Amino acid sequence: MRHFKPSLLATAALGFAFVSTIPAYAQAPATAVEAPKGTPWTDTRLDADTRTELLLKEMTQDEKLKLVFGHFATAADWLNARGDIAGLNWKPPVESHHQSAGFVFGVPRLGIPNQWQTDAGVGVASQVGDKPRLRTALPSGMATAATWDRDLAFKGGAMIGREARLSGFNVQLAGGVNLMREPRNGRNFEYGGEDPLLAGIIVGEQIRGIQSNHIISTVKHYAYNAQETNRFTASSNISDKAGRESDLLAFQFAIETGNPASVMCAYNRVNNVYACESDYLLNEVLKKDWGYKGYVMSDWGATHSTIPAANAGLDQQSGYPFDKSNYFAGPLKEAIENGFVKQERLDDMARRILWGLFSTGAFDKPVPVAEDQIDFKAHAAVTQADAEGGIVLLKNTGLLPLATTAKKIVVIGGYADKGVISGGGSSQVYGQGGNPVKDLGLGPKAFPGPLTYYPDSPVEALKARTKAEVVYHDGKDVKAAVKAAKGADVVIVFGTQWTGESLDAELKLDENADALIDAVAKANKKTVVVLQTGGPVFMPWLSKVGAVVEAWYPGTKGGTAIARVLTGEVSPSGRLPVTFAASLDQLPRPKLDGDPKSDTIRTQVNYDIEGAAIGYKWFDKKGLKPLFAFGHGLTYSTFGYSDLKTSTAGDKLRVSVTVTNTGKVAASDVPQVYVSAPASAGWEAPKRLGGWDKVALKPGESKTVTVTVDPRLLATFDSASKTWNVAAGAYEVILARSATDTASKTTVTLNAQKYDVRGK
Ligand code: NOJ
């Protein structure tokens, strides 16, 4: 993480001059503690609120202060070389776990466990270093969102949470739900796409899965952390109304669905105030309006002050010494003594953290390291199912599934003989079997590198599933690749786009892949392209190829998943969770704001340009034709829809439809329900996703699915009264296969309705 140079809002500027030292805490035991038996707060029959209050009143001031101060848990020489913290000789606490993200001391006397924190959303990550943990990686967050499958999201979360627990972690820094406002954002792969409902529900399910292991999950990065360029200094500027109807709504859905015990506030500023000291975001929206009971932890290096941050609602400083001072240790104690932060504020911080530990069960179920109990075989099946569910067939003129009559298949490029790619940065999971491209010098050597592949080779997986001869060519020499492609029954070109934390990306494939695909497709019409990308890319060669498969970053069983989809063992069922733009000038910001070379530039990013009209909503509003629409995805079967019906009983809009598999193979469909308000309602865009379902059907089989539309998706938010308002009138209900499709539609008349800030 050498790139971290967070800027400082010095406490000195607020009248204090604190010396930055690591607090000399009493040593806590290296393993999990058992709560002392017989004390009232250990009674698991009591609810989390009661237990929290019982315990809180036993705590001394210093014990409360321990809970609110987190340490980086990895030794890194660069930290000691920092000039801005004089005399720092950083060594992570001995109780922390090697190469992990963070550590917070507990209070053994009272049975409060240490908090061992690990990244991230696709599995148990390791910080860059000598001995990473080798763990199961799920497909990227974007891929899981592309499954549109609540059950897979939950199961994936449950699996990585189990690996976290057995690796000795009780806090997983997962739950990335920042909406894709910027397709070049280098962290889009960690997030859930562009729609507040889809992202909120899928990420919420993942969080629910993680916490089913009695550990804490975060939801992050709160809020508007939509680009990596100047992420420590940029200000995301947006109105309250637009945010409540978009990014904040995604957080609201994720929190309601997953009930995460922690929210991680983001690096960036929002309307020029640091997210981690934004009274508006933390106190007002999160805690007051939404009634959130968990705690807010800062991102690593995102705390900039003691008094403003504490009073704005930050509950735990993370990852010291990423920040320039130990703001929530000695300085906080002093600020309380001097009356700048009220005692009740510290009590509230401790209360929220205790509540998180009790409500998840992390307090009662210690996390001793038990790595030998990880069932990697069972977990491989979970990640494979997720990858298979998220692979999107974008185009198919009939080349897929691969014909069983094919005699020779030529596979080109993308290191497909070695494995599948993953995204870089703090979320990096290192897979079992090591990194098969380690010695090739790909990508940055330091953070967010190294560029990591998982050793599940698509070529080998294909060979195991076909009688054809499968020949691999690395594609480095385009002419030689073209020669190899000629005469093949089918050619499969692999194109990758590596993206990573701290860097924004161009919407193109790495190395020579675009030129390679173009040349190969000219030489052999039977060219299939398999993409592994962080998010959308342009496809200048699209009209020349016969089929395109988007596999995202498919996780540790990604090669097998890709091969199974190519051969038809599995029918593709993923749908795009983001719009693929056809050109940069279609975007709200054709040019990315900021300067990637500057650490200090206070970039202003105007998100009021599109407001809540993100992704497909922007394209709809502006009448733009995307390369591929949100919700798009083909399969090997066909589906028919019948009996589209609506009902408004009990104030809720319900939509039902019967889906029939009219084709020849078993497959899954994703019927999508979009809603469109009368113009007088003043929506940000012509239509919104109101709901969806995913149904697996055998040939000839039918199922009726019912979708209930959340009233907030039919309403606009009024900032003054903090209410959601549904305008009276005739609404279109569109059943569709994507945001640009209409399979069937009907009209429903709604009465004017008002809901409170929580949509109740
Ligand atoms: C920075 C990242 O933004 C965040 O997602 C992560 O959890 C922390 N570092 C800890 O590694």
Side-chain angles (χ1 to χ4, degrees), residues 1-6 70-76 78-79 92 96-104 115-129 132-133 140-141 160 164 169-178 185-192 203 206-207 210 215-234 236 251 254 260-269 274-276 295-304 316-323 423-430 446-448 499-504 534:
M1 284 209 178
R2 278 186 30 208
H3 63 292
F4 274 94
K5 281 194 205 155
H71 310 72
F72 186 40
T74 295
W78 65 268
L79 282 173
S96 66
H97 292 324
H98 185 64
Q99 273 177 254
S100 68
F103 178 79
V104 181
Q115 292 163 55
W116 286 277
Q117 301 166 319
T118 182
D119 284 304
V122 300
V124 178
S126 290
Q127 299 284 329
V128 177
R133 287 174 183 74
S140 61
I160 61 173
F169 294 104
N170 51 10
V171 180
Q172 186 147 15
L173 310 171
V177 75
N178 296 94
N185 178 2
R187 296 187 85 174
N188 281 334
F189 75 93
E190 295 190 52
Y191 303 143
V203 174
Q206 197 187 28
I207 292 167
I210 292 170
I215 64 171
I216 287 171
S217 177
T218 60
V219 64
K220 68 188 189 183
H221 307 90
Y222 186 67
Y224 307 108
N225 191 178
Q227 67 173 48
E228 291 295 280
T229 303
N230 306 136
R231 62 175 173 162
F232 302 127
T233 50
S236 302
F251 275 96
S262 185
V263 170
M264 186 191 291
C265 51
Y267 284 130
N268 53 283
R269 295 174 298 144
Y274 280 110
C276 291
Y295 63 101
V296 177
M297 69 162 78
S298 57
D299 199 342
W300 275 228
T303 307
H304 299 275
Q316 189 179 65
Q317 176 184 2
S318 307
Y320 180 80
F322 274 96
D323 299 311
S426 58
S427 68
Q428 182 74 63
V429 173
Y430 293 82
F447 185 93
T499 62
E501 179 181 341
S502 80
L503 305 169
D504 286 326

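Predicted model only: the values in this text are computed from it and were never measured. Because only heavy atoms are used, hydrogens play no part in the values below, and waters and symmetry mates are left out as well, while side chains stay in. Indexing begins at 1, ligand by ligand and atom by atom, following the structure's order. Throughout, residue positions are numbered sequentially from 1 according to the sequence presented.
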Contacting atoms of ligand 1, where contact means under 4.0 angstrom from a heavy atom of [X]:
X	result
Met264	7 (O)
Leu173	7 (O)
Gln127	11 (O)
Lys220	4 (C), 5 (O), 6 (C), 7 (O)
Asp119	6 (C), 7 (O), 10 (C), 11 (O)

- Any idea which of Thr74, Thr218, Thr118, Asp299 brings a heavy atom closest to atom 3 (O) of ligand 1? Asp299
- Atom OH in Tyr267, atom CG in Asn230: separation rounded to 0.5 Å? 14.5 Å
- Query: Is the Phe103 ring parallel, tilted or perpendicular to the His71 ring (thresholds 30°, 60°)?
  - Reply: tilted
- Message: Would you call the rings of Phe322 and Phe72 parallel, tilted or perpendicular, taking 30° and 60° as the class edges?
- Response: perpendicular
Would you check whether [X] reaches within less than 4.0 Å of ligand 1, judged by its heavy atoms?
X	result
Glu501	yes
Glu190	no
Tyr267	yes

- Any donor and acceptor pair, going by atom type alone, linking the side chain of Thr218 with main-chain N or O of Val263 inside 3.5 Å? no
- Message: Can a side-chain donor-acceptor contact be found between Ser426 and Glu501 if the only test is distance below 3.5 angstrom?
- Response: yes
- Got a sec, which residues hit side-chain contact (heavy atoms from CB on, under 4.5 Å) with Ala164, two or more places apart in sequence or on another chain? Thr118, Val124, Phe169, Gln172, Ile215
- Query: Under 3.5 Å between some N or O of ligand 1 and some N or O of Arg187?
  - Reply: yes
- Purely on distance, is any nitrogen or oxygen of His221 under 3.5 Å from one on ligand 1? yes
- Query: Hey, does Asn185 have a side-chain heavy atom less than 4.5 Å from the side chain of Glu228?
  - Reply: yes
- Note on the structure: Gln316 meets the side chain to side chain donor-acceptor pair (under 3.5 Å) criterion, sequence neighbours left out, with Gln115
